[in-house]
Amino acid sequence: MTELRLDGKSALVTGASKGIGGAIAAAFAAAGADGVLSSRKPEALEEAAATIPKATTCAANAGEPDEAQACVEATMERHGRLDILVNNAATNPYFGPAIDIDLARYDKTFQVNLRGPLVWTQAAWRAWMGDHGGVVLNVASVGGLRGERGLGIYNVTKAALIHLTKTLAVELAPGVRVNALAPGLVKTDFARALWEPAEDVAAAHAPLQRLGIPEDIAKAALFLASDAGSWITGHTLVVDGGALVRPTIG
């Protein structure tokens, strides 16, 4: 069996100061990768990097192309290569009916959640992956696979990200594999408003009877990034404790 190792690889993870991104960065480091962690807040990044061997940081707003380019360039300067890109950073500035969203928050959601992954992937492709190959992982959501109240526009961006994953998988093959992860409800600060008020109820809805933790997603990311996933591209791996196979609550 292929070992889940990333020795000699260089990985850039966005939204990596905590939560799912932080767990992915830690899992990659434990598997031997040199990691660059990115998110908006330098202080939080430094705290995260201090707990991850060999990790360095590059503060950036994931929705700003110039900042994405700067982080890719920094990764190349530090490690001389960029083998794995994880587009994890996301935002959700609006909760409520899609019909009522204002355009400013609509545009912000698309800027970070959909345009951002494309821009970071473009930069990685031009800097290294186009000539040397690599792996791109997009962190989507089970919300991109179903209708849901309150998170409509966020979920629209995740549905589009899933389709972008398929498009890039076709266009960047055979050298670059592009896959997506679709987490269910994971106990992160980002999703706190969804799980903290009624964690037991939410957990009972999933066949596996618990909510996810960031490490659950990190394990799946490591599989897809490693040679164990070498014949997988254009796929969206759902990691949700089985919740998607049951109807939504409410």
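Numbers here are sequence positions counted from 1. No experiment lies behind these values; they were computed from the predicted model shown. Only this structure's heavy atoms are used, side chains among them; waters, hydrogens and symmetry mates stay out.
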Sub-4.5 Å side-chain heavy-atom contact between D102 and R105: yes
Can you give me the closest heavy-atom contact between I162 and S141, atom names plus distance? CD1-O, 4.2 Å
Using the test side chain to side chain contact (heavy atoms under 4.5 Å, CB included), find all partners of A203 that sit at least two apart in sequence or belong to another chain. L211
Within the 4.5 Å heavy-atom criterion, are I84 and S10 side-chain neighbours or not? no
So, do V178 and N138 sit near enough that their side-chain heavy atoms are less than 4.5 Å apart? yes
Can you see whether Q111 engages E64 through a side-chain donor-acceptor pair at a distance of less than 3.5 angstrom? yes
Please tell me if the side chains of V136 and L168 come closer than 4.5 Å, counting only heavy atoms from C-beta onward. no
Given the rule in the side-chain contact (heavy atoms from CB on, under 4.5 Å) test, do V86 and T14 qualify, once you have shown the distances and angles that lead to the verdict? CA-CA 6 Å; V86 180; T14 71; over 6 Å; no
Roughly how far, to the nearest 0.5 Å, is CG of L103 from NZ of K108? 15.5 Å
Whether D227 side chain and S230 backbone form a donor-acceptor pair below 3.5 Å: no
Any side-chain to backbone donor/acceptor pair from R115 onto F110? Under 3.5 Å, distance only. no
Could you go through the salt bridge (charged side-chain N to carboxylate O under 4.0 Å, His left out) check for R210 and D216 one step at a time? CA-CA 12 Å; R210 70 172 177 86; D216 291 319; 2.9 Å; yes
Would a distance-only check, ignoring hydrogens and angles, find a side-chain to backbone donor-acceptor pair under 3.5 Å from R177 to W231? no
Given 3.5 Å as the limit, does a donor-acceptor pair link the side chain of K158 with the main chain of V139, or not? yes
Taking all non-hydrogen atoms of both residues, which atom of T109 and which atom of P93 are closest, and how far apart? OG1-CD, 3.3 Å
Taking N113 for its side chain and T91 for its backbone only, find out whether a donor-acceptor pair lies under 3.5 Å. yes
Quick one: are W120 and P65 in side-chain contact, heavy atoms under 4.5 Å? no
Would you sort out whether T75 and H79 count as a side-chain contact (heavy atoms from CB on, under 4.5 Å), showing the intermediate values? CA-CA 6 Å; T75 302; H79 303 299; 4.3 Å; yes
If you round to the nearest 0.5 Å, how far is CG of L222 from CZ of F28? 6.0 Å
Strictly by salt bridge (Lys or Arg N to Asp or Glu O under 4.0 Å), give each pair with a member in residues 22-45 just once, sequence neighbours left out. D34-K54
Please determine whether the number of non-hydrogen atoms from other residues, nucleotides or ligands lying under 6.0 Å from atom OH of Y106 exceeds 12. no
Whether the side chain of T57 engages the backbone of L37 through a donor-acceptor N/O pair (distance < 3.5 Å, no angle test) should be reported. no
Any donor and acceptor pair, going by atom type alone, linking the side chain of N61 with main-chain N or O of G63 inside 3.5 Å? yes
I need the minimum non-hydrogen distance between L45 and S17, along with the two atoms involved. N-CB, 4.1 Å
With a 4.5 Å cut-off on side-chain heavy atoms, are T121 and L164 touching? no
For A27 against A218, the heavy-atom pair lying closest together: CB-CB, 4.0 Å
Tell me if the NE2 atom of H163 is crowded by more than 12 foreign heavy atoms within 6.0 Å. no
State, yes or no, whether a side-chain contact exists between V176 and W125 at a heavy-atom distance under 4.5 Å. yes
Kindly give the heavy-atom pair with the smallest separation between L244 and D240, and that separation in Å. N-OD2, 2.6 Å
Would you say the side-chain atoms of N179 pair up with the backbone N or O of G234, donor to acceptor, closer than 3.5 Å? yes
Pair V72, W128 - check side-chain contact (heavy atoms from CB on, under 4.5 Å), show working. CA-CA 9 Å; V72 168; W128 175 262; over 6 Å; no
Side-chain heavy-atom pair K9, V135 within 4.5 angstrom cut-off: no
side-chain contact (heavy atoms from CB on, under 4.5 Å) evaluation trace for L137 with N87: CA-CA 6 Å; L137 293 179; N87 290 308; over 6 Å; no
In terms of hydrophobic clusters joined by side-chain contacts under 4.5 Å, are V239 and I20 together? yes
